[in-house]
Amino acid sequence: MENSQRIDPVKFGSMVSVNDKIGISHLERFAAYGLGNYVNLKIHWHRDTQVTRPTIEKAVKFCVENKIYFSFSEFLDRYTYIPWEILDTLTRQDWIELQELGGKYCLGNHSICERGGAVYWPLGYKHDSLLLERAENVKAASEIYMAGIRKALETEHRFGRKNLECIDSSFLHKYHFQAGMDGAAIEMFPGNCDRMYPAVRGASRAYGRETFGADVAMVWYGGVEKDELWFKRWQMSLYYAYLAGTDWIISETGEFGMASAFGQKHDIDGPVCTRFREIMQNFYRYAQSNPRPSGGPLVKIGIVHGRYDGTGGLWNKEVWGQYQDEKWLESEIEKSWDLIHILQKKNDWFDACRTGEKDYSGNPPLGQFDIVPAEADVEVMQKYSCLVFAGWNTMDEELYQKLIAYVKNGGHLFMTTGHLNRSLDRAGDIELFNNGNFEELLGIKISGPGEKLRHAGIKITQQSRIPGYHYPDWTENADPKWMDTVIPSCNVTLCGAQVIAKAAQVFSAYQLANGNVAQNDIPVMTEYALGKGFASCMTLWGYPGNTGIRDFFADILKCINSGEMTHPVKVCTSDKMRYAVYEDEENYVLFFLNTDFDLPLAAKVFYGDNVQLIQVESASMEKVIIKK
């Protein structure tokens, strides 16, 4: 990602309740405590009072006078898409004038947040109005999901509300953009933060929004006991959001009193809330004094979020929130997403597959990866040196041609046959796009599934031609690897591609020559040189999460991670360390966050002949600046 200017310090603060009963007392307390420079004015859900224009106007004026950025909270009921009853006195003109009154300090409006709950909430959570209409296929399911968003946005626009952002805990941000939402934010802690941040950042970049937000739901989802580890988790959550490139960060609750588990309550000036605020104050001071270069963290690897992929990424296991048919149940397709944790796992010391002078594993190149919508323009795709497909994808001509252009321009592409599926229906088998003719992109033709090979393994038979890549090959006389499973082969015809790996059932050529054991000399991975790049395909029938593909895919993903370590800045460190690399005209700026709760961690930073050793205390962040 190109960077040249320094961005404003992160906008940080709280959700602050404002209504006719309490006035703006919480907002005044926010300023008095020095908790940040940004608030979400929480004007909904106050069922025992009204929220009228004079109260909101007073809050807006207070923010402007105190140079506090703000956004307005939700205006619409999440289930019916009609304005909240407590706000029904506000007119279109009121909203236009309130936003204008805020001037540059008004950043916009939050809208139908947690919309992804229609997909990822369990069935028992859902009001009838949130149950999605029955869909026959994945395209219809996506359109049903987005129809609700469009209906809500029509009402928002009718009332003159602008710059609409949806806070959500899922992978589904790209659909929010497709439906017309202006911005995206993550609700932090429901779900895996190491996946959710790449998803919101990747979607924002794909749709031309370089900024995104984070609502840290610490009190709700961050843990039960308000003990030492809980406070460290709270601290790490803020610095993680900053490291990941978040533009605005808010605490959902906690600083003005806290309702805890099993009826416990913590008063606003008690020890729990006081320490909660101290962590906020310390982070705000850090963010103000350590600005990041613009453009967000540098990223090399993109995990492709396929067309019509409807996994929420957490909780509910029915894809697209569809319950009427077993075809929507989580399968090997969705389990493929679980494999991307390999990018953030340190190699085992006894893993002989790993080679090189240094072990850079534990984080992806430059510390971060993005989850990239398949709908992204090829210019966006080209910013990633490598794209790897994971879950569901429906291939069509537009995407196919984008991938050809991506590879021709120097990209490295990895996929399985499942990602070449043209079908929209999860009920059937894979239906290969273009009748299985992938000569132009992959240099192969696939006529369909082959034999399911039992008691077989895989041998790497040729090294990759991608510079820096090294697959775990041995010799012709070697044990097959990735054994003890059923390998779902394909019927493959080579049309210029080279075979990287084959199925194998024997140790040596001697056994073959003497006919002791049948040999399955079947390609299971190919590589095709196309223009300046390479396109690789696991010619196995299915998705990465398939039992017979999973272990092989995981090890290849490790090789991809190592092979993409081509940037001048490289880091050796623990997989408990998270880091990001930013760039301006003169420097690389690195942020290191130690996510170990108790132990200090070290990191070595390599840049040319320069080596820096840094130490980061537990639950803390350090910055390193490297002159170019």
Side-chain angles (χ1 to χ4, degrees), residues 11-78 83-114 156 159-167 185 187 213-220 248-259 267-269 273 276-277 280 284:
K11 298 171 182 66
F12 172 70
S14 309
M15 277 191 180
V16 177
S17 294
V18 171
N19 60 58
D20 290 359
K21 184 176 182 180
I22 65 171
I24 64 167
S25 59
H26 284 179
L27 186 56
E28 292 169 329
R29 193 183 286 263
F30 172 88
Y33 282 141
L35 295 180
N37 63 351
Y38 171 66
V39 292
N40 176 250
L41 297 176
K42 189 175 180 181
I43 56 176
H44 66 303
W45 292 346
H46 305 292
R47 292 182 175 84
D48 58 344
T49 184
Q50 284 294 111
V51 187
T52 56
R53 171 163 174 163
T55 299
I56 300 174
E57 188 171 312
K58 189 175 180 180
V60 170
K61 289 179 178 178
F62 182 91
C63 288
V64 172
E65 290 167 3
N66 290 273
K67 299 181 179 179
I68 297 171
Y69 295 93
F70 69 91
S71 57
F72 293 111
S73 66
E74 295 166 75
F75 175 50
L76 305 180
D77 184 289
R78 294 176 181 179
W84 284 82
E85 201 172 302
I86 59 172
L87 298 170
D88 62 6
T89 61
L90 295 174
T91 66
R92 172 185 172 84
Q93 192 61 31
D94 287 328
W95 281 113
I96 291 173
E97 291 175 359
L98 287 168
Q99 290 168 124
E100 290 176 347
L101 183 63
K104 71 175 184 178
Y105 293 101
C106 180
L107 301 184
N109 301 272
H110 294 176
S111 180
I112 56 168
C113 298
E114 300 182 41
E156 296 274 19
F159 277 85
R161 284 174 38 111
K162 302 176 181 178
N163 299 325
L164 299 163
E165 293 184 306
C166 178
I167 302 172
E187 183 186 14
D215 165 25
V216 187
M218 184 66 204
V219 176
W220 197 258
W248 60 260
I249 308 166
I250 53 174
S251 164
E252 192 173 274
T253 52
E255 55 272 38
F256 302 129
M258 201 181 296
D267 294 334
I268 191 169
D269 292 318
C273 291
F276 190 89
R277 290 194 298 270
M280 294 180 69
Y284 179 55

**Asked** Less than 4.5 Å apart, any side-chain heavy atom of Asn109 and any of Phe75?
**Response** no
**Message:** Could you report the tightest heavy-atom contact between Glu156 and Ser111, atom names first, then the distance?
**Reply:** OE2-OG, 2.7 Å
**Item:** Contact summary for Val219 and Ala259, nearest pair of heavy atoms
**Value:** CG1-O, 3.9 Å
**Message:** Can a donor-acceptor pair be found, under 3.5 Å and without considering hydrogens, that links the side chain of Glu187 to the backbone of Glu114?
**Reply:** no
**Prompt:** Given side chains that start at C-beta, do those of Met280 and Tyr33 come closer than 4.5 Å, heavy atoms only?
**Reply:** no
**Asked** Just wondering, are more than 12 heavy atoms of other shown residues or ligands nearer than 6.0 Å to CD in Glu85?
**Response** no
**Fill in**
In terms of heavy-atom contacts, Gly254 and Cys273 come closest through O-SG, 3.3 Å
**Asked** Taking Asp77 for the side chain and Pro83 for the main chain, is one N or O donor matched with an acceptor at less than 3.5 Å?
**Response** no
**Complete:** Distance col, row Leu35:CG vs Phe276:CZ, nearest 0.5 angstrom, shows 9.5 Å
**Request:** Please round to the nearest 0.5 Å and tell me the distance separating atom OG1 of Thr52 and atom CD1 of Ile86.
**Result:** 10.5 Å
**Message:** So, taking the atom named CZ in Phe159 and the one named OG1 in Thr91, what distance separates them when rounded to the nearest 0.5 Å?
**Reply:** 8.0 Å
**Prompt:** Distance-only, no hydrogens or angles: does the Asn66 side chain make a donor-acceptor pair with backbone N or O of Ile68 under 3.5 Å?
**Reply:** no
**Complete:** Correct closest heavy-atom pair for Val60 and Leu98 would be CG1-O, 4.0 Å
**Prompt:** Is there side-chain contact between Cys113 and Glu74, with heavy atoms separated by less than 4.5 Å?
**Reply:** yes
**Prompt:** Looking at CD1 of Ile43 and OG1 of Thr55, how far apart are the two atoms once the value is rounded to the nearest 0.5 Å?
**Reply:** 10.5 Å
**Message:** Measuring only between side-chain heavy atoms, which start at C-beta, is Leu90 closer than 4.5 Å to Ile56?
**Reply:** yes
**Smallest separation among heavy atoms of Ile22 and Ser17, with atom names** = CD1-O, 3.4 Å
**Request:** Show your reasoning for whether salt bridge (charged side-chain N to carboxylate O under 4.0 Å, His left out) applies to Glu255 and Arg277.
**Result:** CA-CA 6 Å; Glu255 55 272 38; Arg277 290 194 298 270; over 6 Å; no
**Asked** In terms of ring plane angle, is the pair His26 and Phe256 parallel, tilted or perpendicular, where the classes change at 30° and 60°?
**Response** parallel
**Message:** Run the ring pair (Phe, Tyr, Trp, His ring centres under 6.0 Å) test on Phe72 and Trp95 for me, step by step, so that the C-alpha distance in whole Å, both residues' side-chain angles and the decisive distance to 0.1 Å come before the verdict.
**Reply:** CA-CA 10 Å; Phe72 293 111; Trp95 281 113; 5.3 Å; yes
**Request:** Spell out, as yes or no, whether a donor-acceptor pair under 3.5 Å connects the side chain of Asp215 to the backbone of Ala185.
**Result:** no
**Asked** Between Val16, Asn37, Leu27, Leu41, which is the residue that forms a side-chain contact (heavy atoms from CB on, under 4.5 Å) with Phe70?
**Response** Leu41
**Asked** salt bridge (Lys or Arg N to Asp or Glu O under 4.0 Å): which pairs involve residues 95-111, sequence neighbours left out?
**Response** Arg53-Glu97
**Message:** Once rounded to the nearest 0.5 Å, what's the spacing between atom CE of Met218 and atom OG1 of Thr253?
**Reply:** 10.0 Å
**Qualifying residues under side chain to side chain contact (heavy atoms under 4.5 Å, CB included), relative to Ser71, sequence neighbours excluded** = Tyr38, Asn40, His110
**Exam field: side chain Glu252 to backbone Val216, donor-acceptor pair closer than 3.5 Å** = no
**Distance (rounded to the nearest 0.5 Å) between Tyr284 OH and Lys11 NZ** = 10.5 Å
